[in-house]
Amino acid sequence: MSSNYNPQSIEKDIQDKWDKQNKYVTRVDERKKYYCLSMFPYPSGKLHMGHVRNYTIGDVISRYKRMRNFNVFQPMGWDAFGLPAENAAIANKVSPKEWTNQNIENMKVQLQSLGFSYDWSKELKTCEPNYYKWEQLIFKKLFDAGLVYRKKSLVNWDPVDETVLANEQVIDGKGWRSGAQIEIKEIDQWFIKITKYAEELLDSLENLDWPENVKRMQRNWIGKSNGAEIKYKIDNSKEFLTTFSTRPDTIFGVSFLAISPNHPLAVNLAKSNKEIYEFLEKCKEIKAAEADIAKADKLGIDTNIKVIHPLTGKKIPVWIGNFVLLEYGTGVVMGVPAHDARDHEFATKYNLDIKQVIETDNNDFPILQKGKLINSENFNGMQSDSASNEIVNELTKLKLGEELIQFRLRDWGVSRQRYWGCPIPVIYDGDVPSVLGENDIPIELPELEENEPPTPLSQNEKFLKLNKGFRRESDTFDTFMDSSWYYARFTSADNEDEIFDEKTKYWLPVDLYIGGIEHAILHLLYSRFFHKALRDIGLVEGDEPFKRLLTQGMVLKDGAKMSKSKGNTVDPQPYIEKYGADTVRLYMMFTSPPEQSLEWSESSVEGSARFLKKVWNLISARKYSKLDGRFDFSKEELALRRKSHATLKKVENDYEVRFSFNTAIAAIMELLNSIPEDFKDSMAPDSKKYCLDEAILFILQMLSPIAPHICEYLWSNFYGEDFDIESSWPEVNENLLEIEEFELIIQVNGKVRGKLKVNKSTEQEEIEEMALNVENVNNFIGSSKLKKTIYVQEKLINFVI
RNA sequence: GGGGAUGUGGUGGAACUGGUAGACACGCUUGGCUUAGAACCAAGUGCCGCAAGGCGUGGGGGUUCGACUCCCUCCAUCCCUACCA
């Protein structure tokens, strides 16, 4: 007699068995490899449902691929450096290291209790010298390759705490702890030349098997634009102001130039002009995040400097505008109020000229579309595109401009003024930096004393001070550095002597990368760049790190992304304890398709638990009958077999092509529901038993990637221990899928008025006649004349009257 | 401000290529079982309507024999915006 389904005990047993067998420790072998990677977590404390969703998707695919005889590598590790550890350290008086390691321990136990088939022998933590020494080596190699440089750049400065703040730590322009008005400050920082790879990063998106929306976001972010550089001579000076514009055709509509508050000219003017000085001070109160700058009121101040228009020779005023970014283009914008929305807003506010130079029917400024030029001297009557060419030619002749391709993408600033990060391996002799090489690394992060709060390394004299007046670099790396190459290090994480090895060659690239859509741009772009740079310094092969990408939608709680810092996380633990890991996994996969964002709700967890119970009740007390399948099956028996095979076909497609786990589960539920009662009777004839056995085997195999514990348990009980469910996948018998009848939908004027079972071999004429004779259809057509009849093969017929 | 998504019953969602809207679940209703409850089983369940039928995929408009699906427009929500990860 069967006992009740008790997930807690069987899950523990099955997991112990896997452990004992080292089942998921992976080795290079002759099978086809499949590297399935889920984005490693920041160890924030506990798992939340967003993690569970992400990691269940990865595990389902890994397990499925294993059943299809792939050599699957699925590692897991920790993105262990970062700001929250420092915050926690200050709040709770534990060192960032201790806090992080404790969190890792907790989260690892949770991951293991969910039964994810990770190869833990390759676990890595980015906060260990063992990992970051290689990052320091990479930095040295990038430096030697000419990809690293230093330049001044802006940070949010808290004048009270005397620290640099992350954008997240600035709330309404105030420091989150001190409450002080922040100010934008310029400091020296390290940059990596990602822009050198802009063109390649753009071009090689083409062939990636990534979701179109992610590719689109990356394309827009890189932002290649064709335009021209145009020089405006400063009146009464030999200097020029250079602008970049994608619309040189509107050059006759320029009525002002706007320069960034951080532009050297503006900074210079502020030294002798009190009003400008005050304006710049005011601009410093807006935090250095693009969204904040863009949303701030557009403010400007006239510098009283004029420039000479390169084609008309007219004098044009130069303004300072708080919306102009120094980092993008030249930090100077040519203002064309009639044909640019932002310029229009600015000009209206400050009463600057608005001059129309493109003809349109209505004069609703701004007019953004291209068209025929007016008010443009010799260029009147030309169309925008050819006018742009002609104008650029003219400017080139005058040596006042030239055609230019510009990218929106900016170089990557990797300096952070923090404690809990990878030290940048540099020492200074006075102001002169040298990047340390292989023999001098790792530069280890200094340990903190008991109860010592973490302060930026710049305040740690013991660490900074070296012999003979040398000093260490006090900045640490952006944590995006850590996560930009971990996918490669996983393959050789057990190798202490080399950064990468033979295994790296075997496993890379990642065949499927799974993670949150919020990483669509930064993390994924930095990793793609790193891979190309690592390739060019001879450390890896191939052009791209991630062959295929699956971006899961966010798990929301109270309408916002679930995250520790927002304090709206939902811990899976109580659910695992109440229902078991299989139910939690099943529920997360069933409740919505992976790419969609999902508002957390537990309302139907019960349904998932109920389904597994049904599976248990059907199978736990049965044994496989070992029949050979040579029967003359009845219609009913064939129907069940057809359902089994059709479900298998659908599930294969859902797992492999569509990543649509909710529909796969629904199909398996349907199959289970469709088994007639009399097939389950112990006295049922062998032919029925055979069909039932087939359905049971299929259900267990199809479900096991999602609910591996219960399926493995039931499988060995039903089928026997000698054959592992993980090394088996059934085959679809296409012959069984053939049907001789189909249901015809009959429409009148596009509305369904009847249905009819029709034999597949029936001719169209006969079908029309049969359809017209259906009583309800006849009622609707009555004596009306048929205008048109549309027949869709084996599907539908529509009579238009 | 810019970029990317999403919007379907009371709820999560399905409809894969323009062809039956609401699969599969949750919830709810009724009945069975039970001393009672839980669990389980059976039937029903988009809305309006006694019915015939009509209406219905965020709002408005369009293309089509036919639109959740394509086009235009508006609205709402979420994510990213280079120092949260």
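By convention in this document, chain letters (A, B, ...) are assigned in the order of the sequence lines, proteins followed by strands, and residues within each chain are numbered from 1.
Listed candidates were B:C24, B:C41, B:A21. Nearest to the side chain of A:Lys614 is B:C41. Nearest to the side-chain atoms of A:Thr479 among the listed nucleotides B:G19, B:A25, B:A85 stands B:A85. Listed candidates were B:C83, B:A14, B:C79. Nearest to the side chain of A:Gln596 is B:A14. For A:Glu670, the listed nucleotide lying nearest its side chain is B:C24; candidates were B:A14, B:C24, B:G1. Proximity note for A:Arg408 (side chain, C-beta onward) versus B:C84, B:A25, B:A82: the nearest is B:A82. Across B:U20, B:C26, B:A85, the shortest atom-to-atom separation from the side chain of A:His519 is found for B:A85. Checking B:A85, B:G4, B:G66 against the side-chain heavy atoms of A:Arg216 singles out B:G4 as nearest.
Classification of B:G9 as syn follows from a glycosidic angle within 90° of 0.
Taking only side-chain nitrogens and oxygens, A:Ser601 never comes nearer than 4.0 Å to OP1 or OP2 of B:U11. Distances shorter than 4.0 Å separate some side-chain N or O of A:Lys561 from OP1 or OP2 on B:C80. OP1 or OP2 of B:C80 has not a single side-chain nitrogen or oxygen of A:Asn213 nearer than 4.0 Å. Distances shown here put every side-chain N or O of A:Lys795 at or beyond 4.0 Å from the OP1 or OP2 atom of B:G19. Under 4.0 angstrom from either OP1 or OP2 of B:A15 there lies at least one side-chain N or O belonging to A:Arg658. Taking 4.0 angstrom as the limit, A:Asn662 places a side-chain polar atom (N or O) nearer than this to OP1 or OP2 of B:A14. Contact annotation: A:Arg610 reaches the phosphate of B:C40 (side-chain N/O to OP1 or OP2, under 4.0 Å).
Between A:Glu290 and the options A:Arg408, A:Arg410, A:Lys295, a salt bridge (Lys or Arg N to Asp or Glu O under 4.0 Å) holds for only A:Arg408. Each of A:Tyr131, A:Trp78, A:Tyr486 was checked for a ring pair (Phe, Tyr, Trp, His ring centres under 6.0 Å) with A:Phe40, and the lone residue meeting it is A:Tyr486.
Remark: B:U17 base-pairs with no nucleotide in the shown strands. Criterion, Watson-Crick or G-U wobble with two distances under 3.5 Å. Figure legend. B:G31 is base-paired to B:C41; pairs are counted as Watson-Crick or G-U wobble with both atom distances under 3.5 Å. Across all strands shown, B:C70 forms a Watson-Crick or G-U wobble pair, both distances under 3.5 Å, with B:G62. When Watson-Crick and G-U wobble pairs are counted only if both distances are under 3.5 Å, B:U6 pairs with B:A76.
Residue A:Leu409 is classed as a base contact, given a heavy-atom separation below 4.0 Å to a base. Here A:Val155 lies in heavy-atom contact (under 4.0 Å) with a base. Across all strands shown, A:Val792 has heavy atoms under 4.0 Å from base atoms, whether or not it also approaches the sugar-phosphate. Counting any heavy atom pair closer than 4.0 Å across all strands shown, A:Asn779 reaches no nucleic acid atom.
If you measure from atom CD of A:Glu168 to atom P of B:A85, you get 8 Å, rounded to the nearest angstrom. Rounded to whole Å, atom P of B:G19 lies 13 Å from atom CD1 of A:Ile745. Atom CH2 in A:Trp600 sits about 14 Å away from atom C1' in B:U11, given to the nearest Å.
Nearest heavy atom pair, residue A:Leu368 against residue A:His339, reads CD2-O, 3.6 Å.
For B:C84, its base never sits under 3.5 Å from the side chain of A:Glu518 at any donor and acceptor pair. The base of B:C83 sits within donor-acceptor range of the side chain of A:Gln417, with an N or O pair under 3.5 Å. A:Glu290 contributes a side-chain N or O that forms a donor-acceptor pair with the base of B:G1 under 3.5 Å. Donor-acceptor pairing under 3.5 Å, judged by distance alone, is present between the side chain of A:Asn798 and the base of B:C65.
A cation-pi arrangement is present between A:Lys151 and A:Phe191 under the rule of less than 6.0 angstrom and at most 45 degrees off the ring axis.
Aromatic ring centres of A:Tyr575 and A:Trp600: separated by under 6.0 Å.
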TODO: Evaluate side-chain hydrogen bond (donor to acceptor under 3.5 Å, both in side chains) for A:Asp654 paired with A:Thr663, printing each intermediate quantity in order.
DONE: CA-CA 7 Å; A:Asp654 282 353; A:Thr663 52; 2.9 Å; yes
